[in-house]
Chemist: 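Have a look at this one.
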Amino acid sequence: MPSDTETTLRHDWTRDQAEALFRLPFNDLIMKAQALHRRYFDANRVQMSRLLSVKTGGCPEDCAYCPQSARYDTGVKAEKTMAVADVLAEAEQAREGGATRYCMGAAWRQPKDSDLVDICAMVEGVKALGLESCATLGMLSEDQAERLKRAGLDYYNHNLDTSEEFYGQIITTRSYRDRLETLETVRRAGIKVCCGGIVGMGESQADRAEMLRTLANLKPHPESVPINMLVRVEGTPLAGADDLDGIEFVRTLAAAKVMMPASVIRLSAGREQMTDEMQALCFLAGAGSIFVGEKLLTTANPETDADARLLERLGLEPAGAPQ
Ligand code: SAM
Ligand code: DTB
Ligand code: SF4
């Protein structure tokens, strides 16, 4: 195992090294992750983001986990893009609720150039409210990324989702290479990268390690790394996926923190199904951020009161608003 100093901001992880982290005794892995977390972050603060689906459903892609794909009968109806003023009214409420970042999602393979007019107005409005802005709209062209940057977009979320090997079992309508190219486009435009994945889709531990290795070998590391626990949605091909052991989920977060210690590891989808104790382990493993508000994009997230109680029980404070 490399020493702690050697593990700081490396981009040369091997498969064996990534897999070895998952095999460490749990206490050793958590201790390593928490110690590294404390080098870069206040361990008693958690950053809060709020999501809004600004364009829901009807997506042409076939992502096997996703309730918004037009190919699956999940009860999510295709809607038009929301009005800019409605999005900004929601963003203002999110700010009152303590969120410091507003993340707008759209069920597109790639936005049309004309879609970006409203999206850029939303980004400008979110920034004017004093919030950080994030968007997740699918693939982007160079020009689209530059327009978003000029509108003031701080972060772009585009997940690798899983390992390159397992990817083909989850999505066939776009390639792993497409994803890496969009990430490069976002970087080149000077937008910060939010990139992570989903666990609990039937992938192996080696797949989880390999996804983290791909993320950690990006230079620079994504500033934000969301780790989602699959939310099993009726009608999607993954509705009947086996439960992932909670301890294995925590190991994934901890390994992400060890491999990308200066990045914010986001405890993302799946909190609604987790106990407070499980979430406490996630924070111990170095999670520094959550989504707040009772809805993610289309699925449920814990109620505001439940989250307030959780933070209170753990003595966690919200991370301050950005300068
Ligand atoms: N359409 C765009 C795209 O795919 O890039 C943006 C929205 S898409 C819903 C954003 C991310 O949400 C996906 O990459 C995936 O990681 C996550 N996601 C979607 N459905 C999920 C589910 N059922 N459980 C956990 N994460 C999910
Ligand atoms: C991410 O990694 N997780 C968020 C955000 N990026 C866009 C989305 C989770 C979506 C969960 C399923 C839903 O609510 O539709
Ligand atoms: Fe479409 Fe994104 Fe859902 Fe895939 S994850 S089906 S691209 S909305």
Side-chain angles (χ1 to χ4, degrees), residues 42 45-57 67-68 76 79-108 111 115-116 118-137 148 151-159 191-194 196 223-228 231 264-272 274 279 282-283 287-312 314 316-323:
D42 179 340
R45 287 194 188 272
V46 59
Q47 185 271 333
M48 302 194 287
S49 295
R50 174 93 200 221
L51 271 167
L52 178 67
S53 180
V54 301
K55 158 68 186 89
T56 304
Q68 302 199 69
V76 172
E79 289 170 19
K80 289 215 276 287
T81 304
M82 283 177 70
V84 176
D86 293 346
V87 171
L88 297 182
E90 300 258 1
E92 197 168 357
Q93 277 190 14
R95 187 187 61 184
E96 303 320 314
T100 59
R101 189 177 309 163
Y102 204 62
C103 180
M104 293 159 281
W108 289 319
D115 290 326
L116 279 205
D118 279 359
I119 299 289
C120 287
M122 291 172 196
V123 170
E124 279 162 17
V126 164
K127 292 298 292 177
L129 287 168
L131 289 161
E132 287 182 311
S133 57
C134 177
T136 180
L137 318 169
L148 288 167
L153 188 70
D154 295 303
Y155 289 82
Y156 195 76
N157 167 245
H158 196 65
N159 290 337
I191 301 168
K192 286 183 251 200
V193 170
C194 172
E223 282 80 1
S224 169
V225 180
I227 304 294
N228 297 276
V231 180
V264 174
I265 309 300
R266 185 183 306 281
L267 167 57
S268 302
R271 287 201 305 118
E272 170 75 350
M274 293 176 196
Q279 294 184 66
C282 293
F283 292 123
S289 164
I290 54 173
F291 287 117
V292 292
E294 57 285 349
K295 206 162 162 200
L296 292 164
L297 292 173
T298 66
T299 65
N301 198 43
E303 298 284 336
T304 306
D305 288 357
D307 274 348
R309 274 197 306 278
L310 171 68
L311 298 196
E312 167 80 35
L314 299 177
L316 285 171
E317 300 276 349
Q323 335 290 322

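This structure is a prediction, so every number in the text was calculated from the model and none was measured.
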Chemist: Would you check if L137 and L116 make a side-chain contact, meaning some heavy-atom pair closer than 4.5 Å?
Modeler: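 Sidechains of L116 and L137: in contact.
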Chemist: Under the side-chain contact (heavy atoms from CB on, under 4.5 Å) rule, what do N157 and R266 come out as? Steps first, then yes or no, please.
Modeler: CA-CA 12 Å; N157 167 245; R266 185 183 306 281; over 6 Å; no
Chemist: For the residue pair L316 and R45, what are the closest heavy atoms and their distance?
Modeler: CD2-N, 4.1 Å
Chemist: How long is the span from the CG atom in L297 to the SG atom in C103, to the nearest 0.5 Å?
Modeler: 7.0 Å
Chemist: Applying side chain to side chain contact (heavy atoms under 4.5 Å, CB included), can you list everything that pairs with V264, at least two apart in sequence or on another chain?
Modeler: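 Checked V264 against side chain to side chain contact (heavy atoms under 4.5 Å, CB included); matches are F41, S289.
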Chemist: Which atom pair, heavy atoms only, marks the closest approach of Y156 to A135?
Modeler: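 Closest pair (atom of Y156, atom of A135, distance): CD1-O, 3.2 Å.
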Chemist: In sequence, state the C-alpha distance, the side-chain angles, and the governing distance for E317 and L311, and then conclude on side-chain contact (heavy atoms from CB on, under 4.5 Å).
Modeler: CA-CA 7 Å; E317 300 276 349; L311 298 196; over 6 Å; no
Chemist: Spell out, as yes or no, whether a donor-acceptor pair under 3.5 Å connects the side chain of D154 to the backbone of C134.
Modeler: no
Chemist: Determine the minimum heavy-atom distance between S53 and Q68, stating which atoms define it.
Modeler: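 Smallest interatomic distance, heavy atoms only, reads OG-OE1, 4.0 Å.
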Chemist: Say whether, by atom type as modelled, one donor and one acceptor occur between the side chain of Y102 and the main chain of L88 under 3.5 angstrom.
Modeler: no
Chemist: Give me the atom names and distance for the closest heavy-atom approach of E92 to L129.
Modeler: N-CD1, 3.8 Å
Chemist: Checking N228 side chain against S268 main chain: does a donor-acceptor pair fall under 3.5 Å?
Modeler: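 Side chain of N228 to backbone of S268, a donor-acceptor pair under 3.5 Å: no, none is there.
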Chemist: Is there a donor-acceptor pair under 3.5 Å between the side chain of S49 and the backbone N or O of F291?
Modeler: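 Checked: no pair found.
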Chemist: First locate atom OG1 of T136, then atom CG of L51, and finally report the distance between them rounded to the nearest 0.5 Å.
Modeler: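 The OG1 atom of T136 sits 9.0 Å away from the CG atom of L51.
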Chemist: Would you find more than 12 non-hydrogen atoms of other residues, nucleotides or ligands less than 6.0 Å from E96 atom CD?
Modeler: yes
Chemist: Nearest 0.5 angstrom please: H158 NE2 to I191 CD1, how far?
Modeler: 12.5 Å
Chemist: So does S133 get a backbone contact from the side chain of R101, meaning a donor-acceptor N/O pair under 3.5 Å?
Modeler: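 No; zero donor-acceptor contacts below 3.5 Å.
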Chemist: Looking only at non-hydrogen atoms, find the nearest pair between G270 and V231 and report the distance.
Modeler: N-CG2, 3.8 Å
Chemist: Give a yes or no on whether the backbone of L296 and the side-chain of N301 come within a donor-acceptor separation of less than 3.5 Å.
Modeler: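 No.
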Chemist: Would a distance-only check, ignoring hydrogens and angles, find a side-chain to backbone donor-acceptor pair under 3.5 Å from K55 to G57?
Modeler: yes
Chemist: Nearest 0.5 angstrom please: D115 CG to W108 CH2, how far?
Modeler: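 Rounded to the nearest 0.5 Å, the CG-CH2 separation comes to 4.0 Å.
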Chemist: Under the side-chain contact (heavy atoms from CB on, under 4.5 Å) rule, what do R50 and L131 come out as? Steps first, then yes or no, please.
Modeler: CA-CA 10 Å; R50 174 93 200 221; L131 289 161; over 6 Å; no
Chemist: Side-chain contact test, heavy atoms from C-beta onward, threshold under 4.5 Å: evaluate it for L52 versus M82 and give yes or no.
Modeler: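 Yes, their side chains come closer than 4.5 Å.
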Chemist: To the nearest 0.5 angstrom, please state how far the CD atom of Q47 sits from the OG1 atom of T100.
Modeler: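 Reported to 0.5 Å precision, the distance equals 4.0 Å.
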Chemist: Answer yes or no: is there a side-chain heavy-atom contact under 4.5 Å between V193 and E223?
Modeler: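 A side-chain contact exists here, since the closest heavy-atom pair is under 4.5 Å.
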Chemist: Would you indicate whether the side-chain heavy atoms of M274 and L310 approach each other to under 4.5 Å?
Modeler: no
Chemist: Where is the tightest heavy-atom contact between G152 and V123, given as atom of each residue plus distance?
Modeler: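 Scanning both residues, the minimum pair turns out to be C-CG1, 3.6 Å.
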Chemist: To the nearest 0.5 Å, what is the distance between CD1 on I290 and CG on D307?
Modeler: 4.5 Å
